[in-house]
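Step one of this worksheet: look at the structure below.
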2 protein chains.
Amino acid sequence: MSLASGDHEAHGVPEDRPATPRDALAATPWLRSVSQNVLDDLAGHAVLHRLPGGSIVFEQSETPAFAQFLIGGSVELLGVRGRDESFVELIRPVDLLLPAAVLNCQPYLLRARVLGEASLLMVQAESFRQAVTSDHAFCLAVLGCQAAQFRRRVKQVKNLGLRSAEERVGCYLVRLTGSVPPGTPVHLPMEKRLIASELGMTRETFSRSLGAMARHGIRVEGDLVTLDDAASARTRFALDPLIDGAEDFHPLQAKGA
Amino acid sequence: MSLASGDHEAHGVPEDRPATPRDALAATPWLRSVSQNVLDDLAGHAVLHRLPGGSIVFEQSETPAFAQFLIGGSVELLGVRGRDESFVELIRPVDLLLPAAVLNCQPYLLRARVLGEASLLMVQAESFRQAVTSDHAFCLAVLGCQAAQFRRRVKQVKNLGLRSAEERVGCYLVRLTGSVPPGTPVHLPMEKRLIASELGMTRETFSRSLGAMARHGIRVEGDLVTLDDAASARTRFALDPLIDGAEDFHPLQAKGA
DNA sequence: TGGAGGCATTGACGCAGATCAAAGCGCCGG
DNA sequence: CCGGCGCTTTGATCTGCGTCAATGCCTCCA
């Protein structure tokens with residue numbers, strides 16, 4: 001249920017980034033039930049890569065050469081038309097970048113751009129497909145990963161279609177402050193402009209909405225959020241688990257026939 | 001590349017609806033490479049159902065009891081909040097209704113409502129999951145189905161985010177008339193209000209946009225569309241395969257390890 | 001044949017949110 | 001200590017599209 005970006009090793013313990021492709025795969029929760037030799041094989045056709053903020057991981061209409069596992073940092077997916085970009089989704093670790101395109105050998109429908117800094121595990125597309133078609137457990141893992149992504153998208157669409165800009169902001173903040181006792185200040189997990197695009201609005205609208213939150217018991221100063229009147233806030237901005245709930249990977253175990 | 005709804009047996013040959021669950025599975029293109037006995041097993045835990053227009057197939061937040069295969073007709077998926085509904089997607093045969101929820105045993109995020117009339121094959125959820133976890137070929141088929149759905153959703157989002165209402169209408173009509181020689185009148189494949197919600201706008205806006213099409217070489221009279229000036233129309237409303245292209249199921253064959 | 005209900009059209013109007021523009025305000029490098 | 005750059009804030013303005021309402025048109029059925 002964390003709203004945090006994958007990108008703070010600023011204070012405290014530096015995230016222990018895996019040193020090798022094999023380590024990265026071993027550290028991926030949703031590959032837990034995949035056999036060692038399949039992971040070995042994948043790792044054998046993979047490289048670990050680190051990209052600075054702003055890098056393009058792939059471009060719209062490219063044919064995938066790799067299956068990209070996002071290991072650290074975060075990546076935004078954007079629809080592009082000429083000069084215009086429209087934000088579609090923010091991917092956080094550990095997840096696959098548009099597995100559908102890789103599986104189907106079809107062109108990417110979106111541009112992927114790194115925020116902050118990201119570590120990617122790049123597995124050769126053909127080896128990835130190979131593994132999916134030859135190993136049932138891996139196939140199930142990918143299926144589960146895709147299912148979670150799909151549900152996240154649906155939630156995003158519902159959030160956009162069913163709530164006003166101000167409500168989206170309110171619910172976001174209520175959720176953000178939900179895990180600490182009311183009154184405790186909480187940091188926004190990323191730059192405001194990024195939160196704004198994740199919530200499907202411009203920075204200006206986001207900024208104004210933050211101001212308006214005061215009227216409902218949420219105080220925002222800089223990147224610090226305090227829930228002054230929890231009752232009021234939670235009434236005005238009622239969370240809906242079918243929109244605001246976290247969407248976790250759900251394990252499916254292979255069984256013999 | 002058809003825009004047609006799944007719902008015209010009005011003129012010509014009546015669609016041959018499968019008589020038994022087993023027939024329905026056999027007739028599903030994307031299950032072609034699944035072995036007979038798996039299909040037999042699924043059919044053994046399934047019923048074929050026919051629902052009149054307006055029926056609710058399932059309600060938001062229900063836990064799936066069945067995996068629903070849409071065999072004929074079409075079904076709309078809607079996000080619901082209180083009294084409001086927001087259209088999310090139109091499903092056409094043959095496809096699964098929200099497989100992610102079924103796989104993960106998680107509540108549906110959307111309401112499913114029948115348009116016109118629909119035939120559904122309802123497979124017991126547990127048998128469906130059983131088949132996915134025990135049969136690799138079936139697992140691959142479901143993965144492919146989900147991948148196609150995912151890409152359709154992304155295209156939809158791009159269409160909405162990157163084009164104005166009028167452009168969406170224009171592109172829709174250009175695509176609709178694309179398969180016949182310019183000048184030939186074409187029928188709209190469904191009621192205007194449905195096209196409008198598929199294009200993410202109100203009927204009124206859709207209606208006005210249809211009127212505006214005349215300025216770009218597309219004449220609309222009733223439900224008949226004629227492309228008068230193909231060059232002008234296709235320039236103003238340039239199709240983008242990454243938005244307007246059909247998204248078909250892409251087969252992945254199981255291979256031994 | 002007439003009227004009721006569903007859909008489409010048309011016009012007037014309003015508004016949420018985008019856009020444009022101009023300051024503030026850190027933060028960093030020199 | 002200064003200047004520039006990127007982010008944020010704030011205000012003014014614009015506009016696409018939704019909403020509301022009136023009307024017309026079909027189809028179905030009594």
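We name chains A, B, ... by the order of the sequence lines, and we start the count at 1 in each one.
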TODO: Scan residues 207-229 of chain B for pairs that pass ring-ring contact (aromatic ring centres under 6.0 Å, His included), counting only residues two or more places apart or in two chains.
DONE: H216(B)-F237(B)
Open item on the list: Tell me whether Q60(A) contacts the main-chain N or O of V80(A) through its side chain, where contact means a donor paired with an acceptor under 3.5 Å.
Closed with: yes
Open item on the list: If we ignore hydrogens and angles and just use 3.5 Å, is the side chain of Q149(A) paired with the main-chain N or O of D95(A) as donor and acceptor?
Closed with: no
Task: Atom pair distance, as rounded to whole Å: CZ in R203(B) and P in dG11(C) - done: 19 Å
- [ ] Give the rounded distance in Å between these two atoms: CZ of F206(A) and C1' of dA18(C).
- [x] 17 Å
Quick one: side-chain contact (heavy atoms from CB on, under 4.5 Å) partners of [X], sequence neighbours excluded?
X	answer
T235(A)	none
A100(B)	A147(A), F150(A), R151(A), Q146(B)
D84(A)	none

Open item on the list: Check the phosphate of dG17(C) against T202(A), side-chain N and O only, distance under 4.0 Å to OP1 or OP2. Yes or no?
Closed with: no
Open item on the list: I want to check one thing: is the phosphate of dC7(C), taken as OP1 and OP2, less than 4.0 Å away from some side-chain N or O of R193(B)?
Closed with: yes
TODO: Looking at every strand, decide which applies to E204(B) at a 4.0 Å heavy-atom threshold: base, sugar-phosphate, or nothing.
DONE: base
- [ ] Can you tell me which residue pairs pass the salt bridge (charged side-chain N to carboxylate O under 4.0 Å, His left out) test with a partner in residues 213-222 of chain B, sequence neighbours excluded?
- [x] R219(B)-E221(B), R219(B)-D228(B)
TODO: Among residues two or more places apart or on two chains, list those pairs meeting salt bridge (charged side-chain N to carboxylate O under 4.0 Å, His left out) that have a residue in residues 73-83 of chain B.
DONE: E167(A)-R81(B), E76(B)-R113(B)
Please set out all donor-acceptor pairs under 3.5 angstrom arising from side-chain atoms of residues 182-194 of chain B, sequence neighbours excluded.
| from | atom 1 | to | atom 2 | distance (Å) |
| --- | --- | --- | --- | --- |
| T184(B) | OG1 | P181(B) | O | 2.7 |
| H187(B) | ND1 | D223(B) | OD2 | 3.2 |
| E191(B) | OE1 | R193(B) | NE | 2.7 |
| E191(B) | OE1 | R193(B) | NH2 | 3.1 |
| K192(B) | NZ | G222(B) | O | 3.0 |

Open item on the list: Under the rule for salt bridge (Lys or Arg N to Asp or Glu O under 4.0 Å), what residues qualify as partners of R111(A), not counting sequence neighbours?
Closed with: E59(A), E85(A)
- [ ] Check every nucleotide of DNA chain D for an atom under 4.0 Å from a heavy-atom of chain A, then give the first and the last such nucleotide from 5' to 3'.
- [x] dC7(D) to dA12(D)
- [ ] List in numerical order all residues of residues 207-223 of chain B for which some heavy atom is under 4.0 Å away from an atom belonging to DNA chain D.
- [x] R208(B)
Counting only pairs under 3.5 Å, give me each side-chain donor-acceptor contact of residues 203-213 of chain A, with atom names and distances, residues two or more places apart or in other chains.
| from | atom 1 | to | atom 2 | distance (Å) |
| --- | --- | --- | --- | --- |
| T205(A) | OG1 | T202(A) | OG1 | 3.0 |
| S209(A) | OG | T205(A) | O | 2.8 |

Open item on the list: Please list, in numerical order, the residues of residues 157-167 of chain A that have a heavy atom closer than 4.0 Å to any atom of DNA chain C.
Closed with: S164(A), A165(A)
